[in-house]
Amino acid sequence: MAMRTTPERLLVRLEWRVIRRLDGRLAGGYRTAHRGTGTDLVGLREYAEGDDARHIDWNVTARLNEPQLRMFTEDRELTVWLVLDRSASMTAGPPGRGKDDVLSELALVLARLFGRSGNRVGALLYDTGLYDTGLYDTGLYDTGLYDTGLYDTALGSTAAVRTVPPGTGRRHALRIGAELARTADAGRSRTGRRGAGKYRGTTDLAAMLDAVAKLARRRALIVVISDFIGDGDWGRSLLRLVPRHEVVALRVTDAADDELPDAGLVVVEDAETGEQLVIDSGDPLLRARLRAGVEDRDARLAAGMRRAGVPIHRIGTDADLATALIEVVASTQRRRA
């Protein structure tokens, strides 16, 4: 009997502990969002309250002097894009249960649940926390994947974008898992080489969203899994996505993102820039400033998502995955009721 790979062992565990509890709930909770939004126009009807105003045919409306709505054939399959933040800040958290571990579990569960229903699931793995030496000599890029090296002139940083094209089934979920394991290994290798180079900047969330906008050519469900720690004018990028796609944000968090332990003098390091500081973690003024900064960050994130009409769901590293995803589906259904 062949030995199972790490992604397969993880998927088997998730199938037993999580997926069987969610089977039928997740895909069913999102399929109705895409009914009647295919590419083939089948006719027009009078606009009614509650209809999607984006489907109004303004030329016909002008001629008839009353709003007319375009009707399309129903999309029978759902295309799902998983946008996976692989930046250095995602490594925070306890060993074996960091934010990147939770992201991997979420990606495998979502790929398996959506894919087993005949829906096509693709993945975009985005990382801007790259070293300026040695990355492209690690064998990171393979055939069979749509790999792209992007250069962001605003940040002066190189971003690695790895794409797994949409597919279905268990084998495809394992392909996404294998790519996550590969990028995790590359990240650990690079973290151990801090003397060889330096991080070039924080995560550009706008570039991450723009990258999936270029890939998702047909209407899709886009699930962004990230801690949303970064910069860039991501609000505008999100507003460009939502007219065409349904977007859901899963924010993976850890207590280390928000709280500083009272441990006296400590060295802290920015996971993405590599900047280090010696601080007095017991200083009440410092702790107050940190708390204010966390609250400001969270408020700006919530406001940006609210403006775009995108639901954001917080999933902690200590959360039960099945329970968290059941709540995501329930919340989605409540919003549509």
Identify the heavy atoms of [X] and [Y] that sit nearest to each other, and give their distance.
X    : Y    : value
L290 : E259 : CD2-C, 4.4 Å
A173 : L108 : O-CD2, 3.3 Å
L209 : S237 : CB-CB, 3.9 Å
A107 : L82  : O-CD1, 3.7 Å

Got a donor-acceptor contact below 3.5 angstrom from the [X] side chain to the [Y] backbone?
X    : Y    : answer
S87  : D127 : no
S226 : F228 : yes
S331 : E327 : no
H245 : L221 : no
H172 : G167 : yes
R300 : E295 : no
R219 : R244 : yes
T79  : R120 : no
T317 : K99  : no

(message) Atom CZ of residue position R217 - does it have more than 12 heavy atoms of other residues, nucleotides or ligands inside 6.0 Å?
(response) no

Are the side chains of [Y] and [X] in contact, using a 4.5 Å heavy-atom criterion?
X    : Y    : value
R9   : R13  : no
L325 : L106 : yes
V102 : R97  : yes
R251 : L301 : yes
T163 : W81  : yes
R182 : P7   : no
I279 : L286 : yes

(request) Kindly determine whether T253 and I315 satisfy side-chain contact (heavy atoms from CB on, under 4.5 Å), including the steps that lead there. (result) CA-CA 6 Å; T253 63; I315 300 178; over 6 Å; no

(message) Tell me whether L277 shares a hydrophobic cluster with V266, the cluster being built from Ile, Leu, Val, Met, Phe, Trp, Tyr side chains joined at under 4.5 Å.
(response)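 The answer is yes; both residues are in one hydrophobic cluster.
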
(request) Kindly work out whether a path of hydrophobic side-chain contacts (I/L/V/M/F/W/Y, heavy atoms less than 4.5 Å apart) joins V83 to L239. (result) no

(message) Using the rule salt bridge (charged side-chain N to carboxylate O under 4.0 Å, His left out), only one of D254, D258, D227, D257 pairs with R314; which is it?
(response) D258

Could you tell me whether [X] and [Y] make a salt bridge, using a distance below 4.0 angstrom between a side-chain N and a carboxylate O?
X    : Y    : result
D280 : R287 : no
E15  : R20  : no
E105 : R17  : no
K214 : D210 : no

(request) Test side-chain contact (heavy atoms from CB on, under 4.5 Å) on R170 and R116 and set out the steps. (result) CA-CA 7 Å; R170 191 175 191 275; R116 74 194 302 177; over 6 Å; no

(message) Can you tell me which residue among L124, V161, I222 is in a side-chain contact (heavy atoms from CB on, under 4.5 Å) with L215?
(response)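 Going through the options one by one, the only one that passes is L124.
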
(request) Show your working on salt bridge (Lys or Arg N to Asp or Glu O under 4.0 Å) between E179 and R86 and close with a plain yes or no. (result) CA-CA 11 Å; E179 202 54 37; R86 305 299 285 160; over 6 Å; no

(request) Kindly indicate, with the supporting measurements, whether the criterion side-chain contact (heavy atoms from CB on, under 4.5 Å) is fulfilled by D85 and V252. (result) CA-CA 10 Å; D85 181 356; V252 183; over 6 Å; no

(request) Apply salt bridge (Lys or Arg N to Asp or Glu O under 4.0 Å) to the pair D57 and R63, showing each step before the final yes or no. (result) CA-CA 10 Å; D57 189 320; R63 290 199 300 270; over 6 Å; no

(request) Please lay out, stage by stage, how E46 and L64 fare under the test side-chain contact (heavy atoms from CB on, under 4.5 Å). (result) CA-CA 10 Å; E46 187 175 347; L64 299 181; over 6 Å; no

